[in-house]
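This report refers to the structure that appears directly beneath it.
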Amino acid sequence: MLDRHPGLRDSVASLPEFIAWNDSFPLVEVDAESFRVARGDQLMDRDQMMVEWIRLFRPQLFEEGAENDR
Amino acid sequence: MTDSSEVRRPEIVIDGQVFYRVEGDLLLDADELDVYIEAQKALRAQREAARQLARTGVGTIGSGISPLGQPSSGLLGIMQDGRIVRWEPGTVLKYCVLRKTFPEREWYESVVENMRRATDDWSATCGVQFEHVETADDSDALRPPEVVFPVRHLDSGGQFIAAAFFPNDPENRRRVFIDPSYQTTSFDRVGVLRHELGHAIGFRHEHIRSGAPAVCPDESTEGTVDLTQYDPQSVMHYFCGGLGSRELAISEIDRVGAQKVYGPPLTGFNLLAA
């Protein structure tokens, strides 16, 4: 999803709102990989957390990207 | 509206046997027609009860029928590229329970038994097949190649009781984790695995749907298919806002929803080889 929107990953990663939200989820290590425990019982990597945050709080970021695609 | 039993059905004779045509392209013999008519009567009665409930707020409705009078299917599926995500027909979801990851033999044994019961429950609900590959339980690998997913112990510090995956997750992310808190949880432990296996066959949390209490955990519903009304008794519903249950049982509406995606249980068929 993020790959379809060039630059979005980097711009969201630096947003203080995303960073604070992402950091509010517990972190677990599995086989040397880090995941956030989100949705109660799901392990999500950073990209998945980013997509979830955009969908919840900034859906227009994906819509803007879609318009650019057109 | 007319009663199906009063309608004169078109008769078709095939090889000397009389069949009756219903719904445009179904041919039923006399006995099947009787069953069909009774089923239609029951369906109409349920729809009428549902309409009554919607109109007055009083009454009861049979399972599988929404207040809108339409067949309902609880459960929230996953959409990808405009299609519902599910395992390919014929897929046997082979799994193992990695014995060496569990610090206690009893923990491993309880998970083996509870997985057996939870997978049996799903296989009795819809057309999914699971198989415990016991020979892989003693594997040193964390991803034995002979299984679709391993079940393993992971101490998350109580961040979850158990965690799972979705069918469209990458292969290396297909695994079910069991936290030590699973051993002492007040939830039904088979129910916890029923819930996790619900994710593994493609169902999202029920409590994120419109109609769920606001206090229930929120998550994005983007990429989900919300076919009908919300089912507070769904196996996929958390125990929140006074709804859900600690049994995490598969509800009748879950059954309808799961069969919409996977069809009826395979045990209900007489499977013939070509």
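Chain naming here is simple, since letters A, B, ... match the order of the sequence lines and numbering starts at 1 in each. Model, not experiment: these values are computed from the prediction.
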Just by distance, which donor-acceptor pairs between chain A and chain B come in under 3.5 Å?
residue	atom	partner	partner atom	Å
Asp31(A)	OD1	Arg152(B)	NH2	2.9
Asp31(A)	OD2	Arg152(B)	NH1	3.0
Arg39(A)	O	Tyr238(B)	OH	3.1
Asp41(A)	N	Tyr238(B)	OH	3.3
Asp41(A)	OD1	His205(B)	NE2	3.2
Asp41(A)	OD1	Tyr238(B)	OH	3.3
Asp41(A)	OD2	His195(B)	NE2	3.2
Asp41(A)	OD2	His199(B)	NE2	3.2
Leu43(A)	O	Arg173(B)	NH2	3.4
Asp45(A)	OD2	Arg173(B)	NH1	3.1
Gln48(A)	OE1	Arg173(B)	NH2	2.6
Glu52(A)	OE2	Ser220(B)	N	3.0

Pick from Gly157(B), Ala162(B), Ala164(B) with the largest number of heavy-atom pairs that fall under 4.5 Å of chain A: Ala162(B)
Sort Phe25(A) into side chain, backbone, both or neither according to what part of it lies under 4.5 angstrom from a heavy atom of chain B. neither
Can you tell me which of Leu27(A), Leu56(A), Val51(A) forms the most heavy-atom pairs within a distance under 4.5 Å of chain B? Leu56(A)
Phe165(B) side chain near Leu43(A) side chain, heavy-atom distance below 4.5 Å: no
